[in-house]
Amino acid sequence: MGASLLRLHFHDCFVNGCDASVLLDDTEGFTGEKTAGVNINSIRGFDVVDNIKTRLEEQCPGIVSCADILAVAAHDSVAALGGPTWTVQLGRRDSTTASLKDANSDVPLGIADLSDLISLFSKKGLSAKEMVALSGTHTIGQARCFVFRIRIYNEKNIDPAYAASLRQNCPSAGGDANLVPLEDGDVDGKVFNNDYFKNLVSMKGLLHSDQQLFNNGSTDADVKAYSLDSASFFADLANALVKMGNLSPLTGTDGQVRTNCRKVNGS
């Protein structure tokens with residue numbers, strides 16, 4: 001679940017800040033973010049968060065927000081899989097609303113070009129280099145055939161042997177939910193290292209948006225540097241994750257500490 005929990009934190013923070021809005025379920029009079037194009041049939045881990053929240057409410061009711069749970073779970077997932085560690089700042093509170101519209105517009109898609117990626121991250125105050133470091137989290141996790149099919153059948157900037165191997169598990173039609181590790185060589189997508197960047201240099205980026213980072217563009221040098229120096233990648237990623245975790249948090253008396261991460265208190 002490590003990659004999925006990290007992704008929840010990312011998809012939360014990129015939509016109106018780190019406020020656990022991504023966890024809210026739809027109700028009869030409320031539409032949350034779970035059915036956004038980047039989320040539906042894709043993000044997961046809600047039951048894990050529920051279990052964490054239940055345990056916390058038993059020990060210290062009303063203290064730890066769902067937004068902080070996502071931040072800590074993301075950190076612990078990365079650390080447990082061999083990635084860097086960092087000091088997780090705490091004190092976020094939970095939103096009482098969510099935005100399907102902003103989820104559809106603010107979270108980068110796997111088909112995004114470099115200019116789109118730079119723009120979306122810039123809107124959140126994150127530099128192109130920080131975007132590259134954060135993209136390195138694709139060293140863990142898996143992607144559905146549906147997300148990368150166009151790339152492996154139609155794009156030219158991909159290693160031919162790699163594309164051929166991917167087609168075995170991702171036919172030109174059907175098999176949309178078939179899973180492949182985001183990083184070539186990581187059989188189950190659970191090893192956190194800098195091989196993602198080595199893959200990009202070898203033209204083995206799985207997603208269109210991955211290979212855009214190394215495609216004769218402005219971020220090529222950052223990718224090359226991280227491919228050669230894992231310590232530099234780990235340090236820059238840790239700093240970028242702290243910065244991302246500080247995106248527009250609700251603090252003080254703003255928002256609330258939800259007792260159930262899936263719904264607003266009193267609803």
Exercise. May I have the step-by-step check of side chain to side chain contact (heavy atoms under 4.5 Å, CB included) for R144 and L179, ending in yes or no?
Key: CA-CA 5 Å; R144 295 173 297 156; L179 293 172; 3.8 Å; yes

Please round to the nearest 0.5 Å and tell me the distance separating atom [atom1] of [X] and atom [atom2] of [Y].
| X | Y | atom1 | atom2 | result |
| --- | --- | --- | --- | --- |
| L134 | N239 | CG | CG | 10.5 Å |
| S232 | F197 | OG | CZ | 9.5 Å |
| S122 | L126 | OG | CG | 8.5 Å |
| L23 | N260 | CG | CG | 10.0 Å |
| K123 | L247 | NZ | CG | 12.5 Å |
| S77 | R7 | OG | CZ | 14.0 Å |

Sequence neighbours excluded - salt bridge (Lys or Arg N to Asp or Glu O under 4.0 Å) pairs with any residue from [range]:
| range | value |
| --- | --- |
| residues 258-267 | D25-R262, D50-R262 |
| residues 225-244 | K129-D236, E130-K243 |
| residues 169-184 | R149-D176, D184-K204 |

Closest contact, heavy atoms only, [X] versus [Y]:
| X | Y | answer |
| --- | --- | --- |
| P84 | F192 | CD-CE2, 3.8 Å |
| L207 | G110 | CB-O, 4.0 Å |
| A3 | G141 | CB-CA, 3.4 Å |
| A238 | T85 | CB-O, 4.0 Å |
| V72 | L90 | CG2-CD2, 3.7 Å |

Minimum side-chain heavy-atom gap [X]-[Y] below 4.5 Å:
| X | Y | result |
| --- | --- | --- |
| F214 | N157 | no |
| N39 | H11 | yes |
| K198 | N194 | yes |
| P108 | F14 | yes |
| T139 | V191 | no |
| I118 | S218 | yes |
| K190 | I140 | no |
| V64 | C60 | yes |

Exercise. Applying side-chain contact (heavy atoms from CB on, under 4.5 Å) between F10 and each of I43, V22, L241, V107, report the one that passes.
Key: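 Of the listed options, the one satisfying the test is V107.
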
Got a donor-acceptor contact below 3.5 angstrom from the [X] side chain to the [Y] backbone?
| X | Y | answer |
| --- | --- | --- |
| Q256 | N265 | yes |
| N169 | N178 | no |
| T219 | L213 | yes |
| Q211 | L200 | yes |
| N16 | A98 | no |
| D68 | G91 | yes |
| N104 | A36 | no |
| D220 | G217 | yes |
| R92 | G245 | yes |

Quiz item: Are I52 and L5 linked, directly or through other ILVMFWY residues, by side chains that come within less than 4.5 angstrom of each other?
Solution: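 Same hydrophobic cluster.
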
Practice problem: Report yes or no: do V49 and V264 belong to one cluster of Ile/Leu/Val/Met/Phe/Trp/Tyr joined by side chain heavy-atom distances under 4.5 Å? | Solution: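 No.
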
Quiz prompt | Results of salt bridge (charged side-chain N to carboxylate O under 4.0 Å, His left out) for R93 - residues two or more places apart only | solution =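 Once residues adjacent in sequence are excluded, R93 has no partner under the salt bridge (charged side-chain N to carboxylate O under 4.0 Å, His left out) criterion.
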
Self-check item: Where at least one partner belongs to residues 142-181, residue pairs that pass ring pair (Phe, Tyr, Trp, His ring centres under 6.0 Å), sequence neighbours excluded
Solution: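 Pairs touching residues 142-181 that pass the test: none.
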
Quiz item: Which residue pairs pass the ring pair (Phe, Tyr, Trp, His ring centres under 6.0 Å) test when at least one of the two sits in residues 47-77, sequence neighbours left out?
Solution: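 Of all non-adjacent pairs touching residues 47-77, those that pass ring pair (Phe, Tyr, Trp, His ring centres under 6.0 Å) are H75-W86.
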
Using a distance-only test with no angle check, is there a side-chain donor-acceptor pair under 3.5 angstrom linking [X] and [Y]?
| X | Y | answer |
| --- | --- | --- |
| D113 | S115 | no |
| T31 | D26 | no |
| E33 | S21 | yes |
| Y196 | D210 | yes |

Quiz item: Has I111 got more than 12 heavy atoms of other residues, nucleotides or ligands less than 6.0 Å from its CD1?
Solution: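 No.
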
Self-check item: Exceeds 12 heavy-atom contacts within 6.0 angstrom, atom CZ of R55
Solution: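 No, because the 6.0 Å sphere around CZ of R55 holds 12 heavy atoms or fewer from other groups.
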
Practice problem: Go through the steps for S202 and D159 under the test side chain to side chain contact (heavy atoms under 4.5 Å, CB included), then give the verdict. | Solution: CA-CA 7 Å; S202 300; D159 177 83; over 6 Å; no

Practice problem: Determine, stepwise, if the pair L117 / S209 fulfils side chain to side chain contact (heavy atoms under 4.5 Å, CB included). | Solution: CA-CA 8 Å; L117 294 169; S209 57; 4.1 Å; yes

